Enquirer: 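Take a look at this one; I'll ask things after.
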Amino acid sequence: MSGGGLLVAGTTSDAGKSVVTAGICRWLVRQGVKVAPFKAQNMSLNSFVTREGAEIGRAQAMQAQACRVEPTALMNPVLLKPGGDQSSQVVLMGKPVGELSARGYHGGRQQQLLGTVLDCLAELRGTYDAVICEGAGSPAEINLRRTDIVNMGVARNARLPVLVVGDIDRGGVFASFFGTVALLSPEDQELVAGFLVNKFRGDVGLLEPGLDMLHGLTGRRTYGVLPFQHGLGIDEEDGLRVSLRGTVRESNTAPPVGEDVLRVAVCAIPLMSNFTDVDALAAEPGIVVRFVDRPEELSDADLVVVPGTRGTVRALEWLRERGLADALVRRAFEQRPVLGICGGFQILGEHIEDEVESRRGHVEGLGVLPVRVRFSREKTLTRPVGEALGEPVEGYEIHHGVAEIAGGEAFISDGEGHSLDGCRVGQTWGTHWHGSLESDGFRRAFLREVAAAAGRRFVPSPDTSFAALREEQLDRLGDLIEQHADTDALWRLIESGAPQGLPFIPPGAPA
């Protein structure tokens, strides 16, 4: 017998689907329910590597943590990683299977994946008491409905009730709720159980007349009104919001341990991937993280981070066009700290041979690290562990570039002096490992080196635990659902499906 299920859809992208899904998952697991997340198809440059070496969206890895289970490829069978405005790498069951244009994907390939998606969902529902699914964009994207495998397409095939989330902070939420339902076919509308208001500010009593009218117009109830809270956008799919930075800045965080703050500038390169790498820096009291795109913004930075990217050569060209490349080279020459992560590490090297990603062949790098990179068609997907600066460190690798290191000091070793990854020259560091800064001891040791080189009297907090901060944040999401949603009604949805006899709202989907 299949476990219960729910699809969390949204009136728009960024309505709060990922956060609400995680909150429902954390609420359920605290009730003793064995629960798993699921997103059939994700488009994101923020990805994660599971223990079996599969690449999935970071949002689903975060939701798995909310469920207190290990993430697997079943939870995100299709991941699209944009490589430009017109094409994406298609990752199926955690492994890349090729590049497709948007027209090619929606023109036939997407529908071919529906069987895989439904098999994964069925396997999860056979294993867990409940599976909380996340949609993508809006279910009322009528131009894409025929080939949809992530919103009503999966809901119809798996008979999942649908909860539509709307961001009231943007305005127009009542029109968005009504219009979303009214643009669906009668068969799709049967599964839309109701609504959840997200990011409400003020007195809920002032909202209730509108919710009552919405119920009268659609025959569907509102399952909760979640208040606006800062710092809840953890592991976003894309964008420049940094989750824990928001939490640290906007909550009662402890003051800096030392006399100085530490300023970190992150180069906002094109197709930036896994910008969540700097969350662990932003979680430290006394560290200010900002994204920059002009060379003058590097001048007062104590540390500059060149993050990962899905377009290494394109990002390198962008740095040169903006004058940031020259500023980075000057910093390296002046022994001012620079950290390159994954694609950023490759950019700092001497040259790149790329016949895979950009197909540009030989491209000169910035030349501040003795590294030569050759792009392989095979993607490296691993969860390595090692030692750096005398501290244990772990991370995950997602890259096509293979680095040949011809000098400098080893950055990460195996504990016996054998280099595992990356290198260091002076105060310029590079590594392919995402997530390494989440290792608390290593992060503190690295920040002590940065502070010394920058001449700052900054002292890392001795007791900041990134894992504990992440757990606290997930608990806050669970609290939101428990305190501001009708959890009894939500459980009935998950267990029994959408209510029978929900009215059809014209005009419905166009023929």
Side-chain angles (χ1 to χ4, degrees), residues 48-53 58 61 65 70-71 244 257 262 264 274 276-284 287 302-308 332 335 337-346 348-349 368-373 380-399 401-454 458-470:
F48 183 75
V49 179
T50 67
R51 293 207 179 278
E52 71 267 31
R58 272 199 68 95
Q65 187 175 350
E70 272 293 322
L244 289 176
V257 176
L262 208 62
V264 178
N274 288 60
T276 47
D277 281 331
V278 298
D279 276 4
L281 295 178
E284 285 282 350
I287 290 191
D302 302 307
L303 168 67
V304 174
V305 177
V306 187
Q335 298 296 304
V338 176
L339 171 64
I341 302 174
C342 200
F345 169 39
Q346 297 166 5
L348 297 176
V368 296
L369 288 177
V371 177
R372 299 174 179 179
V373 176
T380 298
L381 296 167
T382 63
R383 289 272 294 273
V385 296
E387 181 180 291
L389 302 179
E391 297 285 348
V393 60
E394 58 184 270
Y396 55 99
E397 295 185 69
I398 305 171
H399 54 91
V402 179
E404 177 188 333
I405 299 171
E409 302 174 46
F411 189 179
I412 301 174
S413 68
D414 61 4
E416 297 180 359
H418 304 115
S419 177
L420 290 178
D421 179 77
C423 71
R424 170 188 184 179
V425 173
Q427 295 301 321
T428 301
W429 318 65
T431 175
H432 271 130
W433 290 20
H434 293 290
S436 61
L437 293 167
E438 296 178 19
S439 298
D440 296 327
F442 163 69
R443 182 180 66 254
R444 293 180 194 122
F446 176 69
L447 290 174
R448 284 192 290 269
E449 293 244 1
V450 169
F458 169 85
V459 178
S461 171
D463 55 5
T464 297
S465 166
F466 184 82
L469 285 171
R470 175 55 56 87

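None of these values were measured; they are calculated from a predicted model. Computed over heavy atoms, backbone and side chain alike; hydrogens, waters and symmetry mates excluded.
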Enquirer: Could you list the residues that satisfy salt bridge (charged side-chain N to carboxylate O under 4.0 Å, His left out) with R372, not counting sequence neighbours?
Expert: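 Partners of R372 by the salt bridge (charged side-chain N to carboxylate O under 4.0 Å, His left out) criterion, ordered by chain and then number, come out as E350.
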Enquirer: Can a donor-acceptor pair be found, under 3.5 Å and without considering hydrogens, that links the side chain of D277 to the backbone of L437?
Expert: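 No.
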Enquirer: Is there any salt bridge (Lys or Arg N to Asp or Glu O under 4.0 Å) pair reaching into residues 403-418, and which pairs are they, with sequence neighbours excluded?
Expert: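 Matches after skipping sequence neighbours: none remain.
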Enquirer: May I have all residue pairs that pass salt bridge (Lys or Arg N to Asp or Glu O under 4.0 Å) and include part of residues 381-399, sequence neighbours excluded?
Expert: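 Every candidate salt bridge (Lys or Arg N to Asp or Glu O under 4.0 Å) pair involving residues 381-399 fails, so no pair, neighbours aside, qualifies.
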Enquirer: What residues, two or more places apart in sequence or in another chain, satisfy side chain to side chain contact (heavy atoms under 4.5 Å, CB included) together with S419?
Expert: A410
Enquirer: For E52, which residues count as a side-chain hydrogen bond (donor to acceptor under 3.5 Å, both in side chains) partner, sequence neighbours excluded?
Expert: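 Checked E52 against side-chain hydrogen bond (donor to acceptor under 3.5 Å, both in side chains); matches are T50.
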Enquirer: According to side-chain hydrogen bond (donor to acceptor under 3.5 Å, both in side chains), who are the partners of T431, at least two apart in sequence or on a separate chain?
Expert: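 T431: side-chain hydrogen bond (donor to acceptor under 3.5 Å, both in side chains) contacts with D421.
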Enquirer: Of all the heavy-atom pairs spanning V371 and I405, show the shortest one and how long it is.
Expert: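 V371 and I405 have their closest heavy atoms at CG2-CG1, 4.1 Å.
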Enquirer: Distance from L303 atom CG to F446 atom CZ, nearest 0.5 Å?
Expert: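 CZ of F446 is found 5.0 Å from CG of L303.
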Enquirer: By side chain to side chain contact (heavy atoms under 4.5 Å, CB included), which residues pair with A453, not counting sequence neighbours?
Expert: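 Scan of A453 (side chain to side chain contact (heavy atoms under 4.5 Å, CB included), adjacent residues dropped) gives P337, Q427.
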Enquirer: Go through the structure and list residues passing ring pair (Phe, Tyr, Trp, His ring centres under 6.0 Å) with Y396, not counting sequence neighbours.
Expert: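 Checked Y396 against ring pair (Phe, Tyr, Trp, His ring centres under 6.0 Å); matches are F48, H434.
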Enquirer: Please identify each residue that fulfils side-chain hydrogen bond (donor to acceptor under 3.5 Å, both in side chains) with Q335, with sequence neighbours left out.
Expert: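 Scan of Q335 (side-chain hydrogen bond (donor to acceptor under 3.5 Å, both in side chains), adjacent residues dropped) gives none.
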Enquirer: Could you list the residues that satisfy side chain to side chain contact (heavy atoms under 4.5 Å, CB included) with S436, not counting sequence neighbours?
Expert: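 S436: side chain to side chain contact (heavy atoms under 4.5 Å, CB included) contacts with V393, W433, F442.
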Enquirer: Could you check whether any side-chain heavy atom of V278 comes within less than 4.5 Å of a side-chain heavy atom of V264, counting everything from C-beta outward?
Expert: no
Enquirer: Sequence neighbours left out, what passes side-chain hydrogen bond (donor to acceptor under 3.5 Å, both in side chains) with S461? Give chain and number order.
Expert: D463, T464
Enquirer: Which atom pair, heavy atoms only, marks the closest approach of H432 to C342?
Expert: CD2-CA, 3.8 Å
Enquirer: Which heavy atom of P460 sits nearest to which heavy atom of L447, and what is that distance?
Expert: CG-CB, 3.9 Å
Enquirer: How would you list, by chain and number, every residue that makes a side chain to side chain contact (heavy atoms under 4.5 Å, CB included) with V425, sequence neighbours excluded?
Expert: L369, P370
Enquirer: Just wondering, do H399 and F345 contact through their side chains at under 4.5 Å, heavy atoms?
Expert: no
